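Below: the structure, in structure tokens.
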Amino acid sequence: MPVESQSAQSIAALRSALLRWYAAHARSLPWRAPPGTNARPDAYRVWLSEVMLQQTTVAAVTPYFERFTRRWPTLSDFAAAESADILAAWAGLGYYSRARNLVACARQVVDEHGGMFPASEAALRQLPGIGDYTAAAIAAIAFGEAAVPVDANVERVIARLYAIDEPLPGARKAIGQAARELWPADGAAGDFAQAMMDLGSSICTNRAPACLTCPLVRQCRAACSGAAESIPVKPAKRPRPVRHGEARWIERNGDVWLIRRPEKGMLGGMRALPGGEWLDHAETPPAPDGTLGVVRHLFTHFELNLRVVRGEAFSDAVGEGEWWPISRLDEAGLPTLYRRAAEIAVEERP
DNA sequence: AAGGCGGGGTA
DNA sequence: TACCCAGCCTT
């Protein structure tokens, strides 16, 4: 169902109010240039921050961003780094295909674009790990292009401004159309995008939006009808199945045996403790002797109970792997699941 | 079009 | 506890 357009007057008022609010309230973030200045932030830093921020939060990303840019200050530093070092530095941030794509993207920019990120949305979209949103965000924020990045914040704000009550994901078409109607088609596109995100994270929040202090309340159709909190309409969630797995703690002379997980699938390419496949909960075998504890870990689409068991160096430490010093385990780049398993094992050591 | 893919913050 | 977040990629 097509959305009813806002009047030209309303659109002008909305743009002006949002950019004025942003000038006064913009968050200061390490990858950001201050609003209203014509200074453009470094495309490498914008790209790195945007990929890190995919499906996560500013609070989680900020320390990672600081560590990454201190260690690899420029794109050429990053492109020359070892893939394993980048993956280890990424450990704990999740969605590890992002880290693999980051490496592939940096090398492609060096090989095919002379080490400079392309400025156009279409060319950015061709790079690995850069989808519709990220291509538009980099084009607008780093290069001042008139691109329209629609993330979850923008989606929520626009759906409310236009009172789009069609359920997601079907509503995305109408939301995109409304976003293109509102977005300034000049150099302000980048500030407008970041303003939308700050508004969405601080005022137009998912739950309990602060409509009374919102600079756009006069242009917001959902606020008028008191429907803001019930928009956008989200699809029902599926129940989360429970699975069982094991992690073996195999120790020898102060070292522990670590493997590397297959490139595809869960925690792809990451270091881990060895252990078999993850089974349906109903197939959970009884706890053997040498059980040290259980890590209960919630993934988005299932829950895993990972049993930590003591293994034997003679019979279990076979196949591809490496002995890693237990005193330097924090440098191994273990994803959170295995970091917790290792913590249990270390606590239980004799 | 739908499902896989992490982790931490928040109410 | 349940839900959400500066999404992308594969099938």
Side-chain angles (χ1 to χ4, degrees), chain A residues 26-27 29-32 41 45-65 87 90-102 104-105 124-142 147-157 167-170 172-173 190 192-202 204-209 229 232 234-241 243 261-270 272 278 295-304 306 333-340:
Chain A
R27 291 175 290 181
L29 301 172
W31 48 85
R32 189 178 262 188
R45 295 166 66 86
V46 174
W47 162 72
L48 183 60
S49 69
E50 289 297 345
V51 174
M52 284 185 166
L53 284 160
Q54 288 167 9
Q55 288 302 98
T56 186
T57 59
V58 166
V61 162
T62 300
Y64 282 86
F65 181 85
L87 216 55
W90 190 276
L93 203 47
Y95 284 102
Y96 296 96
S97 66
R98 293 185 294 163
R100 296 194 296 276
N101 283 331
L102 218 46
C105 181
L124 288 161
R125 181 65 180 82
Q126 298 306 310
L127 294 165
I130 297 185
D132 291 340
Y133 163 76
T134 304
I138 297 172
I141 295 169
V148 183
V150 180
D151 72 330
N153 284 305
V154 173
E155 198 171 86
R156 187 173 58 251
V157 174
L168 293 172
R172 296 224 161 92
K173 187 171 179 182
F192 196 82
Q194 296 178 92
M196 278 279 187
M197 296 174 196
D198 280 13
L199 188 76
S201 70
S202 65
C204 196
T205 50
N206 187 27
R207 278 175 289 192
E229 190 159 10
K234 308 208 170 159
K237 297 292 180 203
R238 296 187 167 188
R240 185 155 44 195
R243 295 187 192 166
R261 291 179 59 84
E263 292 294 324
K264 304 235 172 195
M266 290 292 297
L267 311 175
M270 301 300 289
W278 298 344
V295 179
R296 179 170 172 273
H297 194 77
L298 299 172
F299 293 103
T300 301
H301 50 299
F302 65 94
E303 169 185 340
L304 179 69
L306 186 73
L334 292 176
T336 301
L337 171 68
Y338 289 105
R339 187 173 51 72
R340 294 207 182 123

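Convention: sequence-line order gives letters A, B, ...; per-chain numbering from 1. Given the structure is predicted, the values throughout are model-derived calculations rather than measurements.
Nucleotides B:dG6 and C:dT11, compared at atom P, are 16 Å apart to the nearest Å. As rounded to the nearest Å, C:dA6 and B:dA11 have P atoms that lie 14 Å from one another.
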If a protein heavy atom is under 4.0 Å from the base, mark B; if only from the sugar-phosphate, S; if neither, -; do that for nucleotides 4-11 of chain B going 5' to 3'. SBBBS---
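Remark: P of C:dT1 and NZ of A:Lys237 are 19 Å apart, rounded to the nearest angstrom. Between A:Asp198 atom CG and C:dC5 atom P the separation is 15 Å, expressed in whole Å. Rounded to whole angstrom, the span from the CE atom of A:Met196 across to the P atom of C:dA6 amounts to 13 Å. The separation between A:Leu168 atom CG and B:dA2 atom C1' is 15 Å, rounded to whole Å. The distance from atom CG of A:Leu199 to atom P of C:dC5 is 14 Å, rounded to the nearest whole Å. Between the CD atom of A:Glu50 and the P atom of C:dG7 there is a distance of 9 Å, rounded to whole Å. Distance A:Trp47 CH2 to C:dC8 C1': 15 Å, rounded to the nearest Å. As rounded to whole Å, 11 Å separates atom C1' of C:dT1 from atom CD of A:Glu303.
Among the atoms of the strands shown, only primed sugar atoms or phosphate atoms (P, OP1, OP2) are found under 4.0 Å from some heavy atom of A:Ala152. Among the atoms of the strands shown, none is found under 4.0 Å from any heavy atom of A:Pro149. Residue A:Arg240 is out of contact with every strand shown, counting any heavy-atom pair closer than 4.0 Å. Across all strands, A:Arg45 comes closer than 4.0 Å to no nucleic acid atom at all (heavy-atom distances). Counting non-hydrogen atoms under 4.0 angstrom, A:Trp31 reaches a base of the nucleic acid. Among the protein residues, A:Leu29 comes within range of the nucleic acid bases, having at least one heavy atom under 4.0 Å from a base atom.
Using a 3.5 Å distance cut-off with no hydrogens or angles, the side chains of A:Arg156 and A:Asn153 do pair a donor with an acceptor.
The stretch residues 47-56 of chain A participates, sequence neighbours left out, in these side chain to side chain donor-acceptor pair (under 3.5 Å) pairs: A:Glu50-A:Tyr133, A:Gln54-A:Thr134.
The shortest non-hydrogen separation linking A:Glu303 to A:Arg240 is N-CG, 3.6 Å. The two residues A:Tyr64 and A:Trp90 come nearest to each other via the heavy atoms CE2-O, 3.7 Å.
Using a 30° and 60° split on the angle between ring planes, A:Phe302 and A:Phe299 fall in the tilted class, from 30° to 60°.
In this structure a side-chain-to-backbone donor-acceptor pair under 3.5 Å is missing from A:Arg339 to A:Ala91.
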Does the side chain to side chain contact (heavy atoms under 4.5 Å, CB included) test come out yes or no for A:His297 and A:Leu306, once each step is laid out? CA-CA 8 Å; A:His297 194 77; A:Leu306 186 73; over 6 Å; no
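Mapped onto DNA chain C by nearest heavy atom, A:Asn206 and A:Arg296 fall at different nucleotides, with A:Arg296 at the one closer to the 5' end. For A:Leu127 and A:Ser49, each mapped to the nucleotide of DNA chain C holding its nearest heavy atom, the one lying further toward the 5' end belongs to A:Ser49.
Of the side-chain N and O atoms in A:Arg100, none sit less than 4.0 angstrom from OP1 or OP2 of C:dC8. The phosphate of C:dC5 (OP1 or OP2) has a side-chain N or O of A:Lys234 nearer than 4.0 angstrom. Contact check, A:Arg125 against C:dG7: no side-chain N or O comes under 4.0 Å of OP1 or OP2.
Under 4.0 Å is where a charged nitrogen must lie from a carboxylate oxygen, and between A:Arg172 and A:Asp132 no such pair does.
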